Number of protein chains: 2
Amino acid sequence: MANKMGYLSCLDTVKPVRDAIEVINGKWKLPIIISVMTGNERFTDIQESIPGVTPKVLAKELKDLEQHQLIKRVVINDYPVKILYKPEPYADTLTPIIEALKGWGLNHRKKIFEKE
Amino acid sequence: MANKMGYLSCLDTVKPVRDAIEVINGKWKLPIIISVMTGNERFTDIQESIPGVTPKVLAKELKDLEQHQLIKRVVINDYPVKILYKPEPYADTLTPIIEALKGWGLNHRKKIFEKE
DNA sequence: TATTTCACTTTCCTTTGGGAAAGTACTATA
DNA sequence: TATAGTACTTTCCCAAAGGAAAGTGAAATA
């Protein structure tokens, strides 16, 4: 079967981009990763560092991020038990994405304020 | 008022990242931008270049992207009327984000296949 | 003994995203 | 005249995202 499409294929780029989006999708995953990478380890610290996040959402997203091996949940058996969230080394691979989004967001905000 | 928080502030990064996410959120916006930047101009071409996108979703996302000045809708008054979607120069500013996501997605897929 | 803290969970509810399928208005082509 | 293509819109529906508020259980602190 030959080439019968009238459009230009862009799957080379679209497919991996979609794979990445699936992992970091939603409003909260990247902010949570950023908070944990910044050094926030406790549930309530992470929650307070991200305005608007509710405990329900935070608990769910932390589980998702753990499954993707981006953070780990560490239980410390002192009395009382402490729970810490730490970034996994794999989280570092997201830095270029985070930096690109940060740069774009900064510039976008500037653009919006200037023009409108 | 002094510093009374027990957590580390990460708003410097979280805020602009959230601004960026708001613009490119969802499953389809980046794939559509990629398709248009690749050179697909016609509605059906864009649709066919992105497996799974429905006309309803595509129409809605194209409008969103137009509002954000990332693409423009051009009406050509031949008979029949032609409608073309073209990238705006501002779309180019997304390239670092797209490249970062592409690189990450490629590597992630490799990681998944190797390990599990 | 009462209150607070921590790390959640539970319930309820609304909004948003998005898929399936059909329809539409126009024009071109056979 | 009939069929096909273009660029959508419309309707219906479902699932997931996400917000608000309260609850929970254990332990520390006042």
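Small disclaimer: the values here were computed from a predicted structure and weren't measured.
Phosphate proximity of C:dG18 to B:Thr54: absent, as no side-chain N or O sits under 4.0 Å from OP1 or OP2. Here A:Trp28 does not reach the OP1 or OP2 of D:dA16: none of its side-chain N or O atoms lies under 4.0 Å away. Applying the 4.0 Å criterion to OP1 and OP2 of D:dT6, one finds that B:Tyr85 has every side-chain N and O outside that range. Contact check, B:Lys56 against D:dC8: no side-chain N or O comes under 4.0 Å of OP1 or OP2. Within the 4.0 Å cut-off from OP1 or OP2 of C:dA7, at least one side-chain nitrogen or oxygen of A:Arg42 is found. Residue B:Lys60 places no side-chain N or O under 4.0 Å from the OP1 or OP2 atom of D:dC8. Checking the phosphate oxygens (OP1, OP2) of D:dT9, a side-chain nitrogen or oxygen of B:Lys63 falls inside 4.0 Å.
In terms of position along DNA chain D, the nucleotide closest to B:Arg73 lies nearer the 5' end than the nucleotide closest to the other residue of the pair B:Arg73 and A:Gly52. Nearer the 5' end of DNA chain D, as judged by each residue's closest nucleotide, is the contact made by B:Val81, out of B:Val81 and A:Val57.
Across the protein-nucleic acid pair, B:Lys27 atom NZ and D:dA17 atom C1' stand 14 Å apart, rounded to whole Å. Counting to the nearest Å, the C1' atom of C:dG17 and the CD atom of A:Glu22 are 15 Å from each other. For B:Asn25 and C:dG18, the CG to P distance is 8 Å, given to the nearest whole Å. Here C:dG18 presents its P atom at 12 Å from CD1 of B:Ile50, a figure rounded to the nearest Å. Separating the CD atom of B:Glu48 from the P atom of D:dA7 is a distance of 10 Å, rounded to the nearest angstrom. Rounded to whole Å, the distance from CD on B:Gln47 to C1' on C:dA20 is 13 Å. Taking atom CD of residue B:Glu61 and atom P of nucleotide C:dG18, one finds them 6 Å apart after rounding to whole Å. C:dC8 atom P lies 12 Å from atom CD1 of A:Ile32, rounded to whole Å.
Using a 4.0 Å cut-off between a side-chain N of Lys or Arg and a carboxylate O of Asp or Glu, B:Glu66 and B:Arg73 do not qualify as a salt bridge.
At the heavy-atom level, A:Pro55 lies under 4.0 Å from base atoms of the strands shown.
Using a 3.5 Å distance cut-off with no hydrogens or angles, the side chains of A:Lys111 and A:Asn107 do not pair a donor with an acceptor.
Nearest heavy-atom pair, A:Tyr90 versus B:His108, reported as atom, atom and distance to 0.1 Å: OH-ND1, 2.6 Å.
The OH atom of B:Tyr85 sits 5.0 Å away from the CG atom of B:Leu62 when rounded to the nearest 0.5 Å. For the atom pair CG (B:Leu70) and CD1 (B:Ile32), the distance works out to 11.5 Å, reported to the nearest 0.5 Å.
For A:Phe43, the side-chain atoms get nearest to C:dC8 when compared with the rest of C:dT27, C:dC8, D:dG18.
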